[in-house]
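To find a chain, count down the sequence lines: A is the first, B the second, and so on, and within it residues start at 1. None of the values given here were measured: they were computed from a predicted structure.
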Amino acid sequence: MKRSDLYKRIYEAVRAIPRGQVATYGQIARMAGIGGQPRLVGYALHASSEEYDIPWHRIINARGRISPRGDSEWETHQRLLLESEGITFRTNGSVDLAEFGFDDLFYKPIE
DNA sequence: CAAGTGACGATGC
DNA sequence: AGCATCGCCACTT
């Protein structure tokens with residue numbers, strides 16, 4: 001049931017994120033050709049984040065934070081996954097995207 | 001078909 | 001820095 005090509009594109013975009021790098025919803029939206037509609041990205045991911053093998057945890061919001069979804073445990077889980085990939089968090093629990101290098105299309109830790 | 005909802009983002013206060 | 005609003009669009013009810 002291909003809900004829509006849109007979702008498919010979003011999944012592909014997310015899947016294109018290299019390990020150790022992160023992207024914002026806005027970026028994914030742009031890559032999927034739906035720039036300006038980052039909500040759809042989150043919506044699409046939520047629709048089937050576990051059905052597919054996509055690195056959903058590499059998606060964070062523009063502020064460099066884990067999008068709270070009411071489940072604090074899930075947030076922690078995502079953070080651990082990112083840290084295990086080399087993503088560094090600040091003490092306050094946010095990722096400073098400004099200090100990240102914009103290597104390719106995604107954000108990546110400077111060191 | 002209309003209204004409500006949402007893993008967001010930009011703006012304004 | 002935090003909160004309120006609006007925009008934008010797919011999906012659900």
* Which residue lies more 5' along DNA chain C, comparing A/Tyr43 with A/Arg39 via nearest heavy atoms -> A/Arg39

* To do: Taking A/Gln21 for its side chain and A/Lys108 for its backbone only, find out whether a donor-acceptor pair lies under 3.5 Å.
  => no

* Asked: Salt bridge between A/Glu83 and A/Arg79, side-chain N to carboxylate O under 4.0 Å?
  -> yes

* Round to a whole Å and report the spacing from CD1 of A/Ile34 to P of B/dG9. => 12 Å

* Sugar-phosphate only, base, or nothing, as touched by A/Leu40 at under 4.0 Å among non-hydrogen atoms -> base

* Euclidean distance, atom OH of residue A/Tyr25 to atom C1' of C/dC8 [Å, nearest integer] -> 17 Å

* May I have the distance from A/Arg90 (atom CZ) to C/dA1 (atom P), rounded to whole angstrom? => 9 Å

* Atom CD of A/Gln37 to atom C1' of C/dC6: distance rounded to whole Å? -> 14 Å

* Can you tell me how far C1' of B/dG6 sits from CD1 of A/Ile59, to the nearest Å? -> 16 Å

* **A/Lys8 NZ to C/dA10 P, straight-line distance once rounded to whole Å** => 18 Å

* Asked: A/Arg30 has an atom CZ; how far is it from atom C1' of B/dA10, in whole Å?
  -> 14 Å

* **A/Arg58 to A/Phe106 six-membered ring, cation-pi geometry met (6.0 Å, 45°)** => no

* B/dG9 base to A/Arg63 side chain: any donor-acceptor pair below 3.5 Å? -> no

* Structure fact -> note: A/Ile28, atom CD1; B/dG6, atom P; distance rounded to Å ~ 22 Å

* **A/Glu12 with A/Arg9: basic N within carboxylate O range, under 4.0 Å** => no

* Below 4.0 angstrom from OP1 or OP2 of B/dC8, is there any side-chain N or O of A/Thr24? -> no

